[in-house]
Amino acid sequence: MSHLMISTDKAELDVPAIHHFLSTQSTWAIGIPLATVQRAIDHALCFGGTLDGRQVAFARVVTDYATFAYLVDVYVLEEYRGRGYSQRLMEAVMAHPGLQGLRRFMLATSTAHDLYARYGFTAPLRPETLMERYVPDIYRR
């Protein structure tokens with residue numbers, strides 16, 4: 001198995017590849033414009049996973065680096081799944097020095113509860129205190 005290299009250097013990200021996955025293959029951002037993906041990357045802590053120079057994994061964290069973080073856009077390309085790369089990516093996220101000591105670290109998932117549970121994520125202890133404004137089809141307009 002090749003070693004997944006993970007970097008937070010945005011200059012190493014393959015933004016067109018990230019956009020392609022998010023806009024055509026994700027379950028959460030179908031149709032997202034390239035400019036929106038670029039703006040999201042510009043304003044977040046990003047983790048790119050590469051094998052032999054090809055980006056095959058990605059995760060993005062929106063954070064104030066002090067009290068709060070929100071993990072989003074986590075993926076491993078389908079042909080590379082089942083090799084432990086999602087765990088490697090999550091280990092890098094959770095070990096990042098800027099993400100230590102946060103009061104709240106959140107994410108939303110419909111498919112990977114077991115993966116995130118390994119890193120301490122649970123259903124909200126007090127869901128009645130959480131609210132959201134959610135527009136799931138915003139990129140399809």
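All heavy atoms count here, side chains included; hydrogens, waters and symmetry mates do not. Just so you know, these numbers come straight off a predicted model, no measurement behind them.
Minimum heavy-atom separation, P33 to Y139: CD-CD2, 3.8 Å. Heavy atoms only, all atoms of each residue included: C46 and R60 are closest at SG-CG, 3.9 Å. Closest of all the heavy-atom pairs between A95 and Q100 is C-NE2, 3.6 Å. Contact record, M90 with L71: SD-CD2, 3.7 Å, taken as the closest heavy-atom pair. Listed here is the closest heavy atom pair of L4 and R88: O-NE, 3.8 Å.
Proximity of L102 to F68: side-chain heavy atoms (C-beta onward) are nowhere separated by under 4.5 Å. Residues D73 and W28 form a side-chain contact, since some pair of their non-hydrogen atoms from C-beta on lies under 4.5 Å apart. In this structure, F47 and L45 have side chains that are in contact, with non-hydrogen atoms separated by less than 4.5 Å. You'll find the side chain of L51 reaches within 4.5 Å of the side chain of Y85, heavy atoms only. L13 is listed as a side-chain neighbour of I41, based on a closest heavy-atom distance under 4.5 Å. L77 has its side chain out of reach of Q55: every pair of non-hydrogen atoms, C-beta onward, lies at least 4.5 Å apart. Using a 4.5 Å cut-off on side-chain heavy atoms (C-beta onward), L115 and R118 make contact. Two residues are said to be in side-chain contact when any heavy atoms from C-beta on lie closer than 4.5 Å; V93 and L99 meet this criterion.
Cluster annotation: I32 is connected to V135 through the hydrophobic network of ILVMFWY side chains, with a link wherever side-chain heavy atoms come within less than 4.5 Å. The cluster map of Ile, Leu, Val, Met, Phe, Trp and Tyr, joined by side-chain heavy atoms under 4.5 Å apart, puts V15 and V61 in the same cluster. Cluster annotation: V37 and V62 are assigned to distinct hydrophobic clusters (Ile/Leu/Val/Met/Phe/Trp/Tyr, side-chain heavy-atom contacts under 4.5 Å, transitive). Cluster annotation: L22 and I138 are assigned to the same hydrophobic cluster (Ile/Leu/Val/Met/Phe/Trp/Tyr, side-chain heavy-atom contacts under 4.5 Å, transitive). Both L130 and Y70 are members of a single hydrophobic cluster when ILVMFWY side chains are connected at heavy-atom separations under 4.5 Å.
In the displayed structure, M94 atom CE is contacted under 6.0 Å by more than 12 heavy atoms of other residues, nucleotides or ligands. The neighbour count for D42 CG, taken as heavy atoms of other residues, nucleotides or ligands under 6.0 Å away, is above 12.
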| field | Working for side chain to side chain contact (heavy atoms under 4.5 Å, CB included), residues T50 and V56 | value | CA-CA 6 Å; T50 59; V56 302; over 6 Å; no

| Trace of the side chain to side chain contact (heavy atoms under 4.5 Å, CB included) decision for Q87 with Y119 | CA-CA 9 Å; Q87 292 93 332; Y119 301 95; 3.5 Å; yes

| message | L107 vs F121, test: side chain to side chain contact (heavy atoms under 4.5 Å, CB included). Steps then yes/no. | response | CA-CA 8 Å; L107 63 85; F121 289 90; 3.5 Å; yes

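Take T67 and apply the side chain to side chain donor-acceptor pair (under 3.5 Å) test, not counting sequence neighbours, and it matches D64. Checked against ring pair (Phe, Tyr, Trp, His ring centres under 6.0 Å), H19 has no partners two or more places apart in sequence or in another chain.
In this structure, the side chain of D14 engages the main chain of A17 through a donor-acceptor pair within 3.5 Å.
When each of Y80, F58, Y75 is checked for a ring-ring contact (aromatic ring centres under 6.0 Å, His included) with F21, only Y75 meets the rule.
Ring geometry for Y65 against H96 counts as tilted: the plane angle lies between 30° and 60°, on a 0 to 90° scale.
There is a side-chain donor-acceptor pair under 3.5 Å between E12 and S7.
The pair R83-E78 does not meet the salt-bridge criterion, since no charged nitrogen lies less than 4.0 angstrom from a carboxylate oxygen.
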